[in-house]
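Okay, structure first, notes after.
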Amino acid sequence: MTVTTSGEVHTATVPALLAELEVAADRGLSEAEVGRRRGEHGENVLQEEAGESALRKIVRLLADKMTLVLVVAAAVSALVSREWETPVVILAVITLNTVLNYVQETRAEDSLQALRDMSVAQSRVRRDGREQQVPRTELVPGDIVLLEAGDAVPADGRIVDAARLQVAESALTGESQPVDKTVDALDDPDLPIGDRANMLYMNTEITRGRAAMVVTGTGMDTEIGAIATLLGDAGTDKTPLQRRIDQLATLLTVIALVVVVIVFVLGLARGESWSDLLLTAVSLAVATIPEGLTAVVAFTLAMGASRLAKRGAIVKQLAAVETLGSTTQIATDKTGTLTLNEMTVRRLESAGQSFRITGEGYSTNGTFLSDGEQPVPDMRRGFLAMALCNDASVAEGTLVGDPTEGALVVLAEKGGIDVPGARRAHPRLAEVPFDSAYKFMATFHTTTTPEGDERVRCYAKGAPGVLLARADRVRVGDTDRPLTDDDRATIAEAVDAMAREGLRTLMIAGRTLDGLPADTDVLHETVTDLAVYAVVGILDPPRPEAREAIEIAHAAGIEVHMITGDHLTTASAIAHDLGITGDSVSGADLDGFVDDELQTRAAHFGVLARVAPEHKIRYVEALQTGGNVVAMTGDGVNDAPALKQADIGIAMGITGTDVSKGAAKMILTDDNFATIVAAVREGRGIYENIVKFVKFQLTTAWGFVLIFLAAGVFGIAGGAPFTALQILWVNIIMDGPPALALGVDPTDPNIMKEKPRRPNEPLLTRNRILRILTLGVVMAVGTILVLEFADDVFPGDADNPLFATTLAFTTFVFYQVFNLLNVRSDRSSVFSAQTFTNQTIWVALVAVVVLHVAVVNVGFLQDLFDTTALTAEQWAFAIAVAASIVVVEEIRKAVVRAVWR
């Protein structure tokens, strides 16, 4: 086996190439040979740029502008202070911040890599004589890969079998239009890539038909690898929220520095030592500049993406995490998303007779029940068509293939057809694969007439309206007769009746040909002059959880729209059962709307049926023009444009094509509509956790600012209420584990009872700013009052110069403890059960209290932090004063709850 690249294999014949690759097209490679070749060629992946080393990451973190402020603080402290404690503690803060940021970044990167690993695509291959799904990374030269419309080509390969194959190669050649492909060997060894019609290349997409290819190049031995075209690394850019956070951090830094300058100037005016003032000012800057803000946001987004993946929603871009919370419209596919995608034929119409079919799922047990007393007619040809114009197989109740085709296989078995035997007896000569452009599939088989002549029989299945327009006869018993207007009316009436029952309808038809046309590209043109065999009504039961999910979406202010290719009546019946409200329209109806009218009415449509790809993208655009944030689901090639257009394109992980997954920002691993609603809930929770951290940190920073401004203006505590180390200790509390614990806070149970937030909503809304300012004032007033009156409340300690500042320092620390509990909900009381849903926060708070008790009571820490021991009564006093922030918040929350109700 010598072929390792696509090279000039386009000039070789298929048998010669297969012989060189030592593989049989009908059996594929053995597992043992696959293992040997993988050892020789490696994984089928493109080399990515080396990740940032740990050392470079640490250097980058230390070079951050916020960290540099800390470095300056340490340097200033070392120069102007005769003590070693302050610069050492500042360096400890630098180390702590760097370690926390490093851990956050590493965990975020690991989380995103895990998401990428989860979304590794699968390929259908033939190995050891049977078809199986394998990760694309495991393909090796010589593998026989089976492809159909919607698949992305996983490696370079030579086509060994094809039916009406077209491929979009713009990713490689720049050619905007799909190109036709062939099996035939080509003569010119120097043909450019775009003209090699018998080759398929990695990362191109199958847009029509199907093919089998033998892999000739993998990984860096592909054409894509040769020109170093790397796979896109989604999600590495900062999201809009992260950019807004960066801007906010910069603004707050400027404000903090202005305040620091004011405090410094006021101190000089009072005659204080410039060296002491400089140290205090720099420490204040360290405490008020939000150096941990951006890292926490990145960490929270990445951890949120990981939680979404556990719920069955893999996000390819972090921006989708924050956008989810703003979703106002969900345009969803029906089959498999709102329904179970477990098809069963329930009704059968043939030659004017109607039958109900018993049996469940993919079991072949069942009978035909007539609506009247008519005997079951001879429908063998119709059942044979269902078995042969079909790629699915059902064995012992297990389906392999498309669910709709599986339902037809089961019906054929119930009708007395041995499906495997029929397929062996009537091998497929050619086919017209299903294509959304013409809405049918047809296959061609050898047959023998009663006179003993060999002919070709065409069997077709597809949309009743499409095949009925191509039919001129109807099968009655064992003969065909002309199709009359009455027959057409009867068939149309039967289709409508099935649709009203919520059944999906398919027509089965066929004809006999003298032979196949020489040009197989015109096979679809022979699917005409058909004889109608039967119309079937297929039930796809709604998912039990879908109705509840739709109710939750409506309560959350999110409208749900069903978009489907099914009959309008069928779709409307299912939508009604699921609780989807609004008008029902067809694709043809949409064509009658001008853009302005569609934009006005779009949000009021509950069902869009019989839609084409251009209808989907036009509808998404119409919803977006009204300022809506639109989530769109899809699974087919024709859904890709609308998925790209939507704010959040959502692809189906089970039934979705590679093209749809490539266009989407999120992939559902279970194809379940309820997962979309759960993802929206999670997205809202992630955004709220980021807001909680911002509110917590800014409230503390604002409290610091007010305390030092008041002390500077009024000369309280000599203008320096806290020492530099005390300031840094609070900074550790603010940016440390307690604040990080907010990033994993459980989602508020009432969050899906609120309307979606506006996508352009600022991070700091007016209400949030007022809340931050109010609570900052409460902290500052309480702390300053303790500073001023501590000696009066506890006169026995008035002679201790450290007592008042220690009591005020402790009070301010407990303000942070209580405020951390406050910010966890805008509405729920601290005294509700929700307060105890995050064990991480309680562990962090207990750790903070224990450490602060040590800072106040342990001898060497007292010397370090300039504190003195407090009595139990004094601890209780500090806690009681700090609890005032809870009282203020509880009053506000009570008012909010009353208004909300």
Side-chain angles (χ1 to χ4, degrees), residues 1-47 117 120-148 150-163 165 167 181-185 196 198-206 209-226 231 391-393 395 398 400-401 420 423-424 427-428 658:
M1 199 278 297
T2 58
V3 175
T4 58
T5 69
S6 54
E8 298 177 1
V9 296
H10 61 279
T11 61
T13 63
V14 170
L17 183 60
L18 292 175
E20 186 175 2
L21 287 164
E22 300 175 7
V23 62
D26 60 340
R27 290 198 55 80
L29 298 172
S30 67
E31 291 296 340
E33 181 62 15
V34 168
R36 188 189 70 78
R37 296 190 187 192
R38 189 176 300 121
E40 179 182 347
H41 297 278
E43 288 195 328
N44 180 35
V45 295
L46 298 175
Q47 293 178 2
D117 293 340
V120 169
Q122 302 278 311
S123 285
R124 192 159 54 103
V125 300
R126 191 176 289 142
R127 288 179 180 171
D128 286 322
R130 60 187 179 86
E131 294 182 11
Q132 54 185 288
Q133 297 274 355
V134 301
R136 295 194 171 172
T137 56
E138 297 182 5
L139 294 179
V140 297
D143 259 326
I144 302 298
V145 180
L146 308 177
L147 300 163
E148 58 187 16
D151 288 344
V153 180
D156 285 4
R158 169 67 187 278
I159 301 169
V160 299
D161 185 34
L165 186 63
V167 182
K181 292 291 184 174
T182 182
V183 179
D184 302 331
R196 297 177 188 175
N198 57 10
M199 296 293 300
L200 297 175
Y201 297 102
M202 178 186 276
N203 287 2
T204 59
E205 298 168 348
I206 310 295
R210 66 181 66 195
M213 82 167 189
V214 58
V215 174
T216 58
T218 58
M220 296 305 291
D221 289 328
T222 61
E223 292 294 339
I224 288 285
L231 290 171
D391 293 308
S393 60
T398 301
V400 177
R423 291 175 177 176
R424 288 192 298 269
R428 185 179 299 183
D658 293 328

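These numbers come from the heavy atoms of this one structure, side chains and all, not from hydrogens, waters or symmetry mates.
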Checking the side chain of [X] only, and the main-chain atoms of [Y] only, is there a donor and an acceptor separated by less than 3.5 Å?
X: Arg158; Y: Leu17; value: no
X: Asn198; Y: Val183; value: no
X: Arg136; Y: Asn44; value: no

What distance do [X] atom [atom1] and [Y] atom [atom2] have between them, rounded to the nearest 0.5 Å?
X: Thr204; Y: Met199; atom1: OG1; atom2: CE; result: 10.0 Å
X: Asp221; Y: Met202; atom1: CG; atom2: CE; result: 10.0 Å
X: Asn203; Y: Glu223; atom1: CG; atom2: CD; result: 12.5 Å
X: Asp161; Y: Leu147; atom1: CG; atom2: CG; result: 11.5 Å
X: Met220; Y: Glu43; atom1: CE; atom2: CD; result: 14.0 Å
X: Arg127; Y: Arg27; atom1: CZ; atom2: CZ; result: 13.5 Å

What are the two closest non-hydrogen atoms of [X] and [Y], and how far apart are they?
X: Ser30; Y: Asp128; result: CA-OD1, 3.1 Å
X: Ala155; Y: Thr218; result: CB-CG2, 4.3 Å
X: Pro141; Y: Arg37; result: O-NH1, 2.7 Å
X: Ala25; Y: Ile144; result: O-CG2, 3.9 Å

4.5 Å side-chain heavy-atom contact, Ser123 and Gln133: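 Not in contact.
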Non-neighbouring partners of Glu131 that pass side chain to side chain contact (heavy atoms under 4.5 Å, CB included), sequence neighbours left out: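 For Glu131, the residues satisfying side chain to side chain contact (heavy atoms under 4.5 Å, CB included) (neighbours in sequence not counted) are Arg124, Arg126, Leu146.
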Worked verdict on Leu29 versus Asp143 for side chain to side chain contact (heavy atoms under 4.5 Å, CB included): CA-CA 6 Å; Leu29 298 172; Asp143 259 326; 3.9 Å; yes
Side chain to side chain contact (heavy atoms under 4.5 Å, CB included) partner of [X], chosen from [options]:
X: Val145; options: Val134, Val160, Val125, Val153; answer: Val125
X: Leu200; options: Asp156, Asp151, Val167; answer: Val167
X: Leu165; options: Met213, Lys181, Glu148; answer: Lys181

Basic-acidic side-chain contact under 4.0 Å: Arg36, Glu33: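 Judged by the 4.0 Å cut-off on N to carboxylate O distance, Arg36 and Glu33 do form a salt bridge.
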Arg210: partners by salt bridge (charged side-chain N to carboxylate O under 4.0 Å, His left out), with sequence neighbours left out: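 In terms of salt bridge (charged side-chain N to carboxylate O under 4.0 Å, His left out), with neighbours along the sequence ignored, Arg210 is linked to Asp391, Glu431.
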